[in-house]
Amino acid sequence: MSNLLLTPIEYLKGVGPNRGELLRKELGIHKYKDLINLYPNRYIDRTRYYKINELQNNVAEVQIIGKIINIKTVEFGKGKKRLVATFVDDTGQMELVWFQGQKWVRESLKLNEISVIFGKCTSFNGAYNMAHPEIEAMSEHEKSLRSAMQAVYPSTETLNNRGISNRVINKLMQQLFLETQTLFTETLPDYLLQDLQLIPKKAALFNIHFPKSAEALAKAQFRLKFEELFFIQLQLITKNLVQKHKIKGHPFTKVGELFNDFYQNHLPFQLTGAQKRVIKEIRTDMGTNAQMNRLLQGDVGSGKTIVAFMSMLLALDNGFQACLMAPTEILANQHFIGLSELANKLNINIKILTGSTKTSARKIIYEELENGSLQILIGTHALLEDKVKFQNLGLAVIDEQHRFGVEQRSKLWKKNEIPPHILVMTATPIPRTLAMSLYGDLDISVIDELPPGRKPIQTVHRFDSNRLKVWKFIRDEIGLGRQIYIVYPLIQESEKMDFKDLMDGYESISRDFPLPDYSISILHGKMKPADKDAEMKRFSDGKTNIMVATTVIEVGVNVPNASVMIIESAERFGLSQLHQLRGRVGRGADQSYCILMTSHKLSSDSKTRMETMVSTNDGFEIAEVDLKLRGPGNLMGTQQSGVLNLQIADIVRDRDILALAREKAIKILTVDAPLQKPEHATLRSVYIELTKKKNIWNYIS
Ligand code: ADP
Ligand code: MG
């Protein structure tokens, strides 16, 4: 890159130290090139001029030619002032109003000078006014580089108040182009430009800032979006290749006694086709000399646990230890109970380590881990503590990955010279487009089939006013011997209120379902782990009929006899959470139900969420809707690993471009992985530039 583009922004004509400081602080613009890469949010039509008598309330921004004939300061309320200017043209008059930066504005205003104002109009008591308008002298206005569509840049209140309006940014951008545009170099190979009919980089940058037409703008956007996604994919895929070739892993060459014995004699059920396929994928992957990094996606209840267990058997068969890490103590315990049953049949030494493991038990675990006699360790975050040292960890399974960050993943792996294979299991289905942009460095296996005999869960939406009917339904189900979950929201910000809701709910449920006919469990985050476990056990042993709980039961809990999930204030849950909760039922042979309780007042997003839940059980479909509703940044499962921090592309709207970018990146790396060919020289230098400054995870978190 040319040095000029690396010039500090304050040296640009029109910037200077003060504005430079503001641009740095407010928009992160340090150098010339950062300004070039400040892409507009939208564009407005500046070919049309309005007359004052044509104004209508709240239309989008308008521009008007006229002059200021009067300026005054008006007090309103105690000590509050606003600056008001009267603006006229040949059809009428209106007011321009400033609440902030009044001193600075007042100094810059000129009376009786023909000017162009630009902004949003509102009417108040029959008169029109424009707050914080942009003003430009007509003489200046005529000189400026004007295109049919004018860019509107991201801004901040501070910038506006300090006089760096959109017009100023536009001006700076023009200046920058005057000084530097001959220096913009192409970043993509010629053949790719031709193949995809992409416009050159220079033209794209020009048209993104000063579009000559809608068509030119569309081409510029396409080119820049493609480029952005392409280089990210190039990095992710390279990283994956490097891992495959360079990061050594333990080759699990044999399928041994434990695996075979289990497969032939102790399988508790027939594996589904999807489970078999996925086990094969994992086995093949762990059989090579490279480390496995695999994401196992499968809807709730699809049977990921047995896949994890059989993968662990492969590790054991090859003389290695294995561990499974769960996000909560409840879940770790459940895994431990379930897996111990299987492991004991094979005489495997399996133990559990969590925050509440006693010191004496810990000691034994540490010892056995180091001398290698402990074969499988189940646990929570406690597994990441320094004292936990495996003799030879061969496979680490991480359940419900969205609770663990990328860093934690690698923490496990630092414990050994040769890292263990990693299997990350998630029940949060991540749409493919998102998965491939986020986890380009992971391979993905999908269990897309539920075990046979499951009846799809029936989901209904009921208003609070129908509670009596819902309660009757519960009584009937309990009469049939089934168990019920009733879940209350627990959101961090309003924890106290939520807790009160939970307790109120518990009390009224206790009244409506009194002892001795009914018994009720309660589970929430404030309970001691031992009490939680005891309550959970009472429920799973069938000693209580109803479990009143917060979302602590969200993850992984398995009570096949529970057939009804009631979600209170369902409008307060996100889609993926609703889907997770619903997955707690439908685990046995009985018909299961999910009842979403809400108030009558629902936002349109909430309505969509309820309708989606009622209409489908398919986690991937739900994830797609969620992605559309919330945008990728808020999607569960992407929070910790973060989501692409993109400048121009949007992985939801631009998923087709993403797929194209990925395809091209793969194609190029397949024929020229280190980018050595002469036609890839430019690519290589851009790539090096990118990776030098930006670790790929900077994009992603
Ligand atoms: P998840 O993928 O949500 O972790 P689990 O592994 O907990 O699902 O499995 C859910 C339930 O389905 C468990 O009770 C498990 O024993 C059962 N299960 C798993 N695979 C099968 C299968 N192939 N046939 C019958 N039941 C199965
Ligand atoms: Mg599970």
Side-chain angles (χ1 to χ4, degrees), residues 262-263 266-280 282 294-313 323-343 345 352 378-380 397-404 423-430 444-457 483 485 536 539-542 551-563 565 576-590 592 594 617-620 622-623 636-637:
F262 182 74
Y263 192 76
H266 303 292
L267 263 184
F269 36 68
Q270 258 208 320
L271 296 176
T272 63
Q275 284 170 323
K276 281 188 197 157
R277 171 173 46 77
V278 163
I279 290 171
K280 212 164 160 186
I282 293 170
R294 189 165 283 273
L295 182 68
L296 174 58
Q297 284 198 37
D299 218 336
V300 274
S302 62
K304 294 183 291 294
T305 318
I306 194 92
V307 171
F309 182 69
M310 293 176 74
S311 308
M312 293 202 245
L313 294 182
C323 70
L324 187 158
M325 198 159 62
T328 65
E329 205 156 323
I330 294 182
L331 193 54
N333 268 317
Q334 268 212 354
H335 274 312
F336 179 65
I337 293 164
L339 294 182
S340 299
E341 212 172 286
L342 304 176
K345 292 186 180 142
I352 178 166
I378 312 284
T380 54
V397 180
I398 303 176
D399 196 10
E400 303 297 349
Q401 137 284 343
H402 58 263
R403 308 283 163 115
F404 293 98
L423 183 65
V424 177
M425 304 196 289
T426 177
T428 309
I430 300 164
I444 300 178
S445 289
V446 182
I447 306 185
D448 49 6
E449 180 186 353
L450 290 180
R454 297 263 171 85
K455 295 197 182 80
I457 301 163
Q483 289 165 287
Y485 290 108
M536 197 59 228
F539 186 68
S540 63
D541 288 349
T551 44
V552 287
I553 62 142
E554 178 190 337
V555 177
V557 167
N558 190 21
V559 181
N561 191 47
S563 65
M565 166 63 67
S576 94
Q577 219 178 1
L578 289 172
H579 182 61
Q580 288 278 334
L581 284 169
R582 177 168 61 183
R584 297 309 113 218
V585 297
R587 303 195 146 225
D590 306 316
S592 289
C594 173
N617 275 308
D618 181 336
F620 281 90
I622 289 169
M636 275 277 275

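Ligands are counted one by one from 1 in listed order, and the atoms in each one are counted from 1 as well.
Of all the atoms in ligand 1, the ones that sit under 4.0 Å from a non-hydrogen atom of L271 are 23 (N).
Under 4.0 angstrom from ligand 1, the non-hydrogen atoms of R454 all belong to its side chain. The residue M425 has no part lying near ligand 1, judged by heavy-atom distances below 4.0 Å. When non-hydrogen atoms are compared, ligand 1 lies under 4.0 Å from neither the backbone nor the side chain of I447.
Note: F309 and F262 have perpendicular aromatic rings, judged against thresholds of 30 and 60 degrees for the angle between ring planes.
Taking distance alone, with nitrogen or oxygen atoms compared against 3.5 Å, G301 approaches ligand 1 more closely than that limit.
For S302, the side chain to side chain donor-acceptor pair (under 3.5 Å) criterion is met by no residue, not counting sequence neighbours. Not counting sequence neighbours, the partners of Q275 by the side chain to side chain donor-acceptor pair (under 3.5 Å) test are T272.
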For this session: Verify side-chain contact (heavy atoms from CB on, under 4.5 Å) between V559 and M536, making sure each step is shown before the conclusion.
Result: CA-CA 10 Å; V559 181; M536 197 59 228; 3.9 Å; yes
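For the atom pair CG (L271) and CE (M310), the distance works out to 5.5 Å, reported to the nearest 0.5 Å.
Of the listed residues (P451, G298, G586, G583), the one carrying the non-hydrogen atom nearest atom 25 (C) of ligand 1 is P451. Among G453, A274, G303, the residue whose heavy atom lies closest to atom 9 (O) of ligand 1 is G303.
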